[in-house]
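For reference, the structure discussed in these notes is given below.
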Amino acid sequence: MTRKLLLDVDPGLDDALAILMALGNDAVDVVGLTTVMGNTTVENTTWNALALLEWVDRTDVPVARGAGEPFADSLVMAEYVHGPGGMPESVREALPEPNTEPIKAHAVEFILEQAREHGEDLTIAAVGPQTNVALAMAIEPALPDTVADVYQMGGAMKTTGNVTPQASFNFYVDAASAARVIERGSPKVVGLDVTEPAYLPTSVADGLREGSDFQRVVADVLDFKAQGPDSTHGFDGSIVSDSVVLAGVLDDEVLGFEEAYVEVDTTGGPSNGATIYDEHGVLDREPNCEVALEVDVERCRDVVVDSINAAEDR
Ligand code: BDR
Ligand code: CA
């Protein structure tokens, strides 16, 4: 059966690709996008989401605008990674001006409504800072029990961070919300341990550049990502973390999960937002989430590229 998918996003380059993947793949039916600040302001992430839907003729998918600030921390953005406005100018210029508006409901209300409507048929994938999902869970603590799965993009279990030495961007931006979703949401946590090894080599962008106008824009997205911190972090290609989450949602064989006890550092010090992964069970606590520790890299890359390409023809 086709699963219902709600995507909580801050597009963002890898968010944009994750949105295209979800639209291009028959394994899921996208019930809506909720936007959040993160890579850029929520005004920009919402514009980018609406423009992407306009571009691929999918304005039937509702967009609900969400949190403009993290729950407790001040907003830190990643325009230095994703471009001014959350995507490079060449990409924003290639997208049409949106003819649609966000729906009236706030993202948090929309998440709660969709959970009530679809229950166990609904998967939520939150690939930006976790603010909207944490607020929804604060209003309705039973939320995670009523839906199929909550996927989070964030964390670095056995590896190091990407925004500070220890923290991944999404959890760093709103550590309190990330902690809340892990403590109460029994999520599937997909962090840098699996998203970095599954980076897309530059040959993928080179191949796409030979194709259609649509594929050339996707190649621009990948090239911009590859030329930023991904290259200085030692990768010859583009890390597309949110797309790896989507590959895991779309194909059960892509990611391998283990139950684990994880905490998020909310103490505000140099490791704020870091994931404290109890690998050896020294805390003797019950597992509170599942962490992705294995990835079938080739399979993941195939799902990412095939699903993106399929979005062009929808
Ligand atoms: C995550 O942070 C954002 O910059 C990306 O869109 C992704 O969700 C990677 O750490
Ligand atoms: Ca993101």
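Quick note: numbers below take in every heavy atom, side chains included, and nothing from hydrogens, waters or symmetry partners. Just so you know, these numbers come straight off a predicted model, no measurement behind them.
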If we ignore hydrogens and angles and just use 3.5 Å, is the side chain of [X] paired with the main-chain N or O of [Y] as donor and acceptor?
| X | Y | value |
| --- | --- | --- |
| T275 | A156 | yes |
| D230 | S238 | no |
| E196 | V194 | no |
| T159 | D193 | no |
| N25 | M21 | no |
| E79 | G85 | yes |
| E183 | R180 | no |
| D278 | L283 | yes |

Please determine whether side chain to side chain contact (heavy atoms under 4.5 Å, CB included) holds for the pair V189 and I182, giving the CA-CA distance in whole Å, both sets of side-chain angles, and the decisive distance to 0.1 Å. CA-CA 8 Å; V189 191; I182 292 191; 4.2 Å; yes
How about [X] and [Y]: do any of their side-chain heavy atoms sit closer than 4.5 Å?
| X | Y | result |
| --- | --- | --- |
| R301 | V204 | no |
| L7 | L246 | yes |
| P201 | D236 | no |
| K188 | L255 | no |
| F224 | M87 | no |
| T2 | D26 | no |
| N99 | T59 | no |
| L95 | L52 | yes |

List the steps, then state whether side chain to side chain contact (heavy atoms under 4.5 Å, CB included) holds for N132 with H106. CA-CA 9 Å; N132 290 332; H106 189 277; 4.2 Å; yes
Under the side chain to side chain contact (heavy atoms under 4.5 Å, CB included) criterion, do V173 and D73 qualify, and how do the steps go? CA-CA 7 Å; V173 170; D73 301 314; over 6 Å; no
Ignoring hydrogens and angles, state whether a donor on the side chain of N170 or S168 is under 3.5 Å from an acceptor on the partner side chain.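 Distance-only check fails for N170 and S168.
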Indicate whether any N or O donor in one side chain lies under 3.5 Å from an N or O acceptor in the other, for D8 and T34.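 D8 vs T34: donor-acceptor pair found between side chains.
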When you check the gap from the basic side-chain N to the acidic O, do [X] and [Y] get nearer than 4.0 Å?
| X | Y | value |
| --- | --- | --- |
| K4 | D121 | no |
| R116 | E113 | no |
| D223 | K225 | no |
| D251 | R299 | yes |

If you apply the rule side chain to side chain contact (heavy atoms under 4.5 Å, CB included), what do you find for R65 with W47, and how did you get there? CA-CA 10 Å; R65 178 176 150 149; W47 189 95; over 6 Å; no
Once you measure the plane-to-plane angle for W55 and F214, does it fall in the parallel (<30°), tilted (30-60°) or perpendicular (>60°) bin?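 Parallel: the ring planes of W55 and F214 meet at under 30°.
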Non-hydrogen atoms of G12 and N39 that approach each other most closely: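 Scanning both residues, the minimum pair turns out to be CA-ND2, 3.5 Å.
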First locate atom OG1 of T123, then atom CZ of R3, and finally report the distance between them rounded to the nearest 0.5 Å.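 It is 4.5 Å, given to the nearest 0.5 Å.
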Candidate pair R216 and D213, rule salt bridge (charged side-chain N to carboxylate O under 4.0 Å, His left out), full reasoning: CA-CA 5 Å; R216 273 191 287 281; D213 289 351; 2.5 Å; yes
